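Structure, as C-alpha cells:
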Amino acid sequence: MSETKYIFITGGVLSSLGKGIASASIATLLKNSGLKVSILKADPYINVDPGTMSPLEHGEVFVTDDGAETDLDLGHYERFLDENLSQKNNFTTGRVYSTVIEKERRGDYLGKTIQVIPHIVGEIVRRIKKAGEGQEILIVEIGGTVGDIEGLPFLEAIRAMRVELGKKNAMNIHLTLVPYIKVAGELKTKPTQHSVGELRRIGITPDMIICRSEIPLNRDLKNKIAISCGVDKNCVIESPDSASIYQIPLTFLNQNILEPIAENLALKKLNPNMSKWDSLVKRVIAPNSEVTIAFVGKYLDLKESYKSLTEGLIHAGATLDTKVKINWVDSEKLNSENVDKILKDVSGVLVPGGFGERGIDGKMTAINYARINKIPFLGICLGMQLAIIEFARNILNIKDANSMEFDPNTKEPLIYLIDSFIDANGKKQIRTYKSPLGGTMRLGGYDCNIKPNTLLSKIYDTKKTRERHRHRYEANPKYREILEKNGLIVSGESDGLIEAIELKNHPFFVGVQFHPEFTSRLISPNPVILNFIEASIKNGR
Ligand code: GLN
C-alpha cells in the first residue's frame, strides 16, 4: 500500500467547538469515497488515560474493543466511521512521558540528556505514525486549543511531520469560532485571524479553515477570512450550529470540502456515497413519530457522561423513524410515593450504568415499577445488577440481597467481586481491589454466548455476539439456580459469567452486564437498544 497521508486538525479560540465531530465528519466523507481511513485523538493533558477522570469533568469514558479507556471523542469517531478503533487511536501527554521515562530508566538513551525536542516530540511522532499504519488517510485531532502551553510539543510534532512527509502527504485544517455579536448584528473574524496568527508563529500554516458559528457565513465574510488568513477561497468552510451532529458531513459535502482536500493531498476525485446516511439524518431531524423513555440516572447535571447511550437512542430512533424523547429522571429523587406520577406516561424505562451507592434505591424503585407494570425495561451494567437485586428482594424474598459494591460484607452478595478474570486480550488479570478507584476493571469486548429461544436470541439473531464491558462486579452464579427457577432467565453468558438476563411473562425486560451503547452507530444501531425502543413504541403508552 502507498504511504499514509495525514490530515492534522487543530482548534482555535476556545474549546468545545466540536473538533471531534468535524474530524469524524471528514473521515466519514473520505471513507464513503472508498478510502481506508482512521482517526487519532492526541490529548495534551497529563493524565495517562481518561479512565480515572471524573465523568463530571470529562464526560464519558469511552471503551474500545481492546479494552482501552479513552476520550469520548473516540466514541464519536466510531459512531460516524462505523469502525472499531483501539488503544493506538488515543494517547495523552501522560502516556508519552511515561514511555519516554520508562526508556530513560532502562538506559535506552545511552546517557543522553532527555529533552522535549527531540525525545518527547519524537515519541508523539512515533505514536501518530503507528496509528497511521495500514491506512490511506489518518485524521489526527490535536486536543485543546492553539496557544495552550501543554499543546506545544504536539504542534511541533505535526509541524515537523509535514516537513518530513512533504506537502502532498499532509495537510492542516484549523477549526475556529466566528462569534456572532448580537447587539451589533455581526459575525466577527478577528478571533480567527488571531488564532491563525498564533499557529503561524509556531510554524504551521493552515490549508483550510472550518468556521464554527451560530449562523451561516456569507460569501464576503468567507472571502475576508480567506484573504486575511492566507487560504484559498474554497478552503473556508462554514459549520453553523446544526439540528443534529450527523448533519455535519452533509454540510461539509455541500460546500465541496473534498475538492480542496483531494487537491492538497493529490488524491483522485472523491465522490462519496452518502445516500443511506442522508436518509437516516432526515429521520433524525424530522421523524415520523415520537416515543418517551424514562432515563433513570444520577449524573443528570452532566449528560455528557451518558453520551454513547443518548447517541445510541438517536441511532435506534433514526432506524425506526421515531424521535426518542428522553424524560430525565433523577434517581435520588425517585421513591415509591412519586414513582407512579413520574413514570406513568413513559413508554419504556432505561437504567444506565453507574458507580457507587448514590441513587440506587430510586433506580430499584423504577425497575420494580417497570417489572410489575410490564413496561419495557432495559438495564445496563449497574442497571442489570440492580434488576437482579430487586428480583431477589421482592420475588425470592431475600431481603438482604445486595451488591458487594454497596456493602462489602453483605450476607447475600447477589452481585459480587471475582478475584481473577481473563481480559479482552486473553490475559489473566488478578484483581488487586483496594479502593473503589484502584480495583481492576473488566474492560473491553467479550464474546457473549446467547441462550437459544430467548428474547436476547431474537434480538441478536445469532448464537454469539461481542459487546464491551466496564465494571468490577459480576452477578453471582451461586444464586443462578434459584433465580432461574423463579422466572429470571440467564440469556447470555461468557466463560460462566452472567452477561444478560430477562424475565418470563414480560413484554421486554432485559438486563445486560455489557454496555450495548459502545457499539451503536448511526448506520448500524445496537440491536438491544433498537429492540428496546421498538418494544417501547409497541407499548404505546
Ligand atoms: N458499579 C458497577 C460495577 O463496577 C457497575 C458499573 C457500570 O455500570 N459500568 O460493577
Side-chain angles (χ1 to χ4, degrees), residues 50-56 58-64 67-70 72 75 295-300 302 304-310 312 331-332 349-364 366-367 377-390 401-408 410 413-421 423-424 429 431-446 448 467-477 479 492 494 497-501 510-520 526 528-529:
T52 51
M53 287 165 90
S54 158
L56 294 173
H58 198 68
E60 172 185 87
V61 173
F62 186 77
V63 179
T64 55
E69 295 181 287
T70 67
L72 94 178
F295 192 114
V296 190
K298 71 170 177 182
Y299 306 117
L300 298 192
L302 211 89
E304 287 285 285
S305 53
Y306 298 117
K307 195 72 199 164
S308 293
L309 190 47
T310 50
S331 53
E332 282 189 280
V349 173
L350 174 59
V351 178
F355 291 84
E357 201 172 3
R358 189 159 66 80
I360 58 162
D361 289 336
K363 288 181 181 175
M364 273 195 276
I367 294 167
F377 163 77
L378 175 59
I380 294 176
C381 206
L382 180 67
M384 174 189 107
Q385 298 174 355
L386 294 176
I388 293 176
I389 296 172
E390 192 279 326
N402 214 336
S403 165
M404 281 173 66
E405 181 175 10
F406 316 131
D407 176 5
T410 174
L414 266 285
I415 308 300
Y416 80 140
L417 201 59
I418 51 172
D419 13 296
S420 69
F421 61 94
D423 73 12
Q429 292 281 349
R431 269 193 219 271
T432 49
Y433 181 78
K434 288 199 184 70
S435 75
L437 273 181
T440 315
M441 282 219 241
R442 190 168 164 231
L443 287 166
Y446 284 84
C448 169
E467 295 285 4
R468 300 182 197 170
H469 292 247
R470 184 174 188 257
H471 57 100
R472 293 189 181 87
Y473 298 86
E474 304 283 346
N476 192 341
Y479 295 90
S494 165
L497 298 174
I498 297 172
E499 307 283 48
I501 56 143
V510 173
V512 286
Q513 185 60 75
F514 48 78
H515 287 269
E517 66 270 29
F518 287 146
T519 56
S520 181
N526 179 280
V528 176
I529 302 174

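Since the model is a prediction, treat every value here as computed from it, not as a measurement. Counting convention: from 1, in listed order, for ligands and their atoms alike.
- Among protein heavy atoms, atom 2 (C) of ligand 1 sits closest to Glu405 OE1, 3.2 Å.
- Using a 4.5 Å heavy-atom threshold, the side chains of Met404 and Pro413 count as touching.
- Under a 3.5 Å cut-off, the side chain of Glu60 and the backbone N or O of Ser308 do form a donor-acceptor pair.
- Contacts with ligand 1 closer than 4.0 Å are made by backbone heavy atoms (N, CA, C, O) of Arg470 only, the side chain lying farther away.
- Checking Met384, Gln513, Arg472, His515 against atom 3 (C) of ligand 1, the nearest heavy atom belongs to Arg472.
- The side-chain contact (heavy atoms from CB on, under 4.5 Å) test with Ile367 is passed by exactly one of Val296, Ile388, Val351, Ile389: Val351.
- Looking only at side-chain heavy atoms (C-beta outward), Ile380 and Pro516 come within less than 4.5 Å of each other.
- Scanning the protein for heavy atoms near atom 7 (C) of ligand 1, the closest one is Cys381 SG, 2.9 Å.
- Using a 4.0 Å cutoff on heavy atoms, Glu474 does not count as a contact of ligand 1.
- Residue-ligand proximity: Gln385 is placed with a non-hydrogen atom under 4.0 Å from ligand 1.
- Atom 10 (O) of ligand 1 has as its closest protein heavy atom Tyr473 N, 2.9 Å.
- When atom types are taken as modelled, the side chain of Glu405 and the backbone of Tyr473 share no donor-acceptor pair closer than 3.5 angstrom.
- The closest heavy-atom contact to atom 6 (C) of ligand 1, among the options Gly356, Gly353, Gly354, Ser403, comes from Gly354.
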Subject >> Derivation and outcome, salt bridge (Lys or Arg N to Asp or Glu O under 4.0 Å), residues Glu332 and Arg358 >> reply: CA-CA 7 Å; Glu332 282 189 280; Arg358 189 159 66 80; 2.6 Å; yes

